[in-house]
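Here's the structure, in structure tokens; my notes come after.
Throughout, protein chains are lettered first and strands after them, A, B, ... in sequence-line order, and every chain is numbered starting at 1.
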2 protein chains.
Amino acid sequence: MAEGPTITTIAERAGVSIASVSRVLNGLPTREETVRRVLAAADELGYVPNAVARSLKSRRTLQVAFAMADIGNPVYVAMIRQIQPVLKAAGYRLVLHSTDADVAEEIDVLRSLGERYADGMIMSPLRVTDDHLKAITAARAPVVIIGSVPEGTPVDNVRADSGTGVRLALDHLYALGRRRIGFVDGPLDTVPGAARLAAYRDALHALGLPYDEDLVEIGDFYRTDGAAAAARLLRRAGDVDALMCANDLIALGAYDVLRRAGRRIPADVAVVGMDDTDLAAVAWPALTSVCLGSAERGRAAAELLLDRLRDRERPPRVVMVPPRLVTRASTEGGP
Amino acid sequence: MAEGPTITTIAERAGVSIASVSRVLNGLPTREETVRRVLAAADELGYVPNAVARSLKSRRTLQVAFAMADIGNPVYVAMIRQIQPVLKAAGYRLVLHSTDADVAEEIDVLRSLGERYADGMIMSPLRVTDDHLKAITAARAPVVIIGSVPEGTPVDNVRADSGTGVRLALDHLYALGRRRIGFVDGPLDTVPGAARLAAYRDALHALGLPYDEDLVEIGDFYRTDGAAAAARLLRRAGDVDALMCANDLIALGAYDVLRRAGRRIPADVAVVGMDDTDLAAVAWPALTSVCLGSAERGRAAAELLLDRLRDRERPPRVVMVPPRLVTRASTEGGP
DNA sequence: GAGCCTGCTGTAAACGTTTACGGGAGTGGC
DNA sequence: GCCACTCCCGTAAACGTTTACAGCAGGCTC
């Protein structure tokens, strides 16, 4: 693993200056003969340009960072699957950050953009604090947020409409004759947690159903927490005939609990998840889930970022991805 | 977004030379008063060191790349989940490459290490061609391979023992009284595909069962391909009473086909997957799967790479992660 | 043949760090 | 009062590129 060839090596070998080498390699107009000699030398030496040196000079790293809470959640994988090819087509590499939804760590990641290791960042935070907003606007590289930020925040932003999503789900459950619809949510200090609970109340109201505290439980957006919360709910409100869950992992946790309690899905209790991850289709019975367009949101975020990198001055945009209910076996038939 | 402060800016502000600034920021011995002034200036200016410039000088990027076939496969996610924290603790960032198991692209990724954007790479190739081996040994940065490479290849290497894994599964099925055990494999030109088929034959032989071509089908390591292959197998060998699948995705594809064909799992057909991904636990009935230690392999690979980065001269190591059968509902009870 | 393009190339500076080297100020010994 | 030594610090080079600028050779116009 000897030290690799640089344009200096090539220059010596070809008997020209490093400027000429650089010009040839970048396709700038050069005399035929020089081009030939340089390319030959480069080829013989197996030259590969040094990305770091190039970045230093050009002030672009051709890297984009993606920060999410937990790569174990298939939602983020779905996003990455779309983000990656879009970035790659534009010549960018993807740097990954898993933050565990830790606020301090997210702020840290944003601040780390000051090190200039990436030209921009896509971030999908669960919580959006004032510190986030400050860090985002102070960031030394463009940031695109997947998730809602306060109205008027000057930042490119891709949103799902989980409110409407919850509404779709509850309408569906209501149409099936379910009237005791429980709700298992994630933490209320997260953006989706708060939005989904509000949407749940609104949807009940619109349907003329009472809001019953016993039907609501708060856990976290993981399977085990979902299971624990569902268990508490079931203990308090044994007559529940449907469970709306704030994401698919929670729904799968609920599955476990319902089964252990001897409740049939969907005959006794219908279940709806959110995010429509791969898990929903794999689960049995297959899980009805509100598709919040993770894939589309990923792609949109990548495109927003690329546009932004091309033009820093353009006004920030908000892309809204509409929800869609994907009905499966977990909500078939009446009670 | 004005141009950020550099050590030159700090130097002017503090009235010292850039050398002193650098020394202070790197904790080299310096006079108390100078330290104070520099730190104050750096603080006021909100200085963040430029990672690119530092990399150019130090010849280290503090980045590690991870290349895998498809981030949609939970196996790789399980690996990343372990790789990420290990690298992070050592101060490295993770750069992601999804190669679609395309040989040319994998070679390309290896070659791209010549650009020096990463200090090393972890790669999990499905196929290992001569070109791979050449590219790996010629790579301009250390590479750790997850998966088997030919004996004696001078490269750090983490292996699963899928042969023993298949053997465990078949012993288990045999013990349950299954005698017509089908095998749904991935492409035979992949390392795991070939190894698993060989192991299947050996295991049958050891159990005194005949090898029946009708019981073997080749698809690809995705769910839809697995389903198609399982359907073909079912058509040819309707009396199959167990299906060994070369990974979990294939097994889930087989689930769909079996259900559509009205076969009960496991009563009519027992099913075993491989990799023991999250999907196995989510599926219904829960899927018995051979755990090949993806998480452990990820961690081991990250540690091998870090060790290698610390000492280029150490002899290459091979880490073997033993398989383990995780039995679940898909293989309960006799036929 | 002077002057002027045109086409190509080399020199050198710059990007933001780290670091080898040498110099200046201060101290102590003689 | 000179030398030796120590402690800090500044100058400058280096990492591998890109690029502004200037210079040179040759051909053209008058």
Side-chain angles (χ1 to χ4, degrees), chain A residues 2-39 41-42 45-63 91 112-119 140-141, chain B residues 2-39 41-42 45-63 91 112-119 140-141:
Chain A
E3 289 314 313
T6 69
I7 53 168
T8 308
T9 331
I10 299 182
E12 283 164 7
R13 178 117 172 191
V16 298
S17 74
I18 60 167
S20 288
V21 175
S22 176
R23 274 187 292 259
V24 169
L25 296 176
N26 289 315
L28 297 176
T30 315
R31 189 161 52 112
E32 176 90 22
E33 161 72 6
T34 311
V35 172
R36 235 185 14 73
R37 290 231 304 278
V38 168
L39 290 183
L45 292 166
Y47 171 78
V48 182
N50 183 312
V52 176
R54 187 175 282 190
S55 293
L56 179 58
K57 181 69 194 170
S58 67
R59 292 152 168 272
R60 313 192 328 146
T61 57
L62 292 179
Q63 296 195 148
S112 77
L113 278 177
E115 295 172 21
R116 317 243 109 168
Y117 67 88
D119 298 337
R140 303 210 50 83
Chain B
E3 288 313 314
T6 69
I7 53 168
T8 309
T9 332
I10 299 182
E12 282 163 8
R13 177 118 173 189
V16 299
S17 73
I18 61 166
S20 288
V21 175
S22 175
R23 275 188 291 258
V24 169
L25 296 176
N26 290 314
L28 297 176
T30 315
R31 189 163 52 112
E32 175 91 22
E33 161 71 5
T34 311
V35 172
R36 234 185 14 75
R37 290 231 305 278
V38 168
L39 291 183
L45 292 167
Y47 171 78
V48 182
N50 182 312
V52 176
R54 188 174 283 189
S55 292
L56 180 59
K57 181 68 193 172
S58 67
R59 293 151 167 273
R60 314 191 330 146
T61 58
L62 293 179
Q63 295 194 148
S112 77
L113 279 176
E115 296 172 21
R116 318 242 112 172
Y117 67 87
D119 298 337
R140 303 211 51 82

The side chain of B/R31 lies closest to which of these nucleotides: D/dT17, C/dC8, D/dC8? D/dC8
Below 4.0 Å: OP1/OP2 of C/dT17 and any side-chain N or O of B/Y47: yes
Starting at CD1 of A/I7 and ending at P of C/dC15, how long is that distance when rounded to a whole Å? 17 Å
Calculate, to the nearest 0.5 Å, the distance between atoms CZ and OG belonging to B/R140 and B/S112 respectively. 13.0 Å
Under-4.0 Å side-chain N/O to phosphate OP1/OP2 contact, B/R54 with D/dC15: no
Is there side-chain contact between B/T8 and B/E12, with heavy atoms separated by less than 4.5 Å? yes
Kindly compute the distance separating CG (A/L56) from OG1 (A/T61), expressed to the nearest 0.5 Å. 12.0 Å
Regarding the side chain of A/T34, the nearest nucleotide among C/dT18, C/dT9, D/dT17 is C/dT9
Quickly work out the B/R60 CZ to D/dG16 P distance and round it to whole Å. 16 Å
Taking only heavy atoms on the protein side, list every residue of residues 17-24 of chain B lying under 4.0 Å from any atom of DNA chain D, sorted numerically. B/S17, B/A19, B/S20, B/R23
Send over the distance from B/L28 CG to D/dC7 P, rounded to a whole Å. 15 Å
Whole angstroms only, please: what is the CG-P distance between B/N26 and C/dT17? 11 Å
Which is true for A/V16 with a 4.0 Å heavy-atom rule: it touches a base, it touches only sugar-phosphate, or it touches nothing? sugar-phosphate
Looking at A/R59, does any N or O in its side chain come under 4.0 Å of the phosphate oxygens OP1/OP2 on C/dG16? yes
Hits for side chain to side chain donor-acceptor pair (under 3.5 Å) against B/E32, two or more places apart or cross-chain, chain-then-number order -> none
How close or far is atom C1' of C/dA14 from atom CG of B/L56, stated in whole angstroms? 12 Å
Indicate, with a heavy-atom threshold strictly under 4.0 Å, whether B/T30 touches base, sugar-phosphate, or nothing. sugar-phosphate
Any side-chain heavy-atom pair from A/P49 and A/R54 closer than 4.5 angstrom? yes
Measure across A/A141 and A/D119 and return the closest heavy-atom pair with its distance rounded to 0.1 Å. CB-O, 3.5 Å
With sequence neighbours excluded, what pairs up with A/N50 under the side chain to side chain donor-acceptor pair (under 3.5 Å) test? none
I need the CD-P distance between A/E12 and C/dG10, as an integer number of Å. 13 Å
In whole angstrom, give the distance that lies between atom NZ of B/K57 and atom P of D/dC15. 7 Å
For A/I10 and C/dG10, give me the distance from atom CD1 to atom P, rounded to whole Å. 14 Å
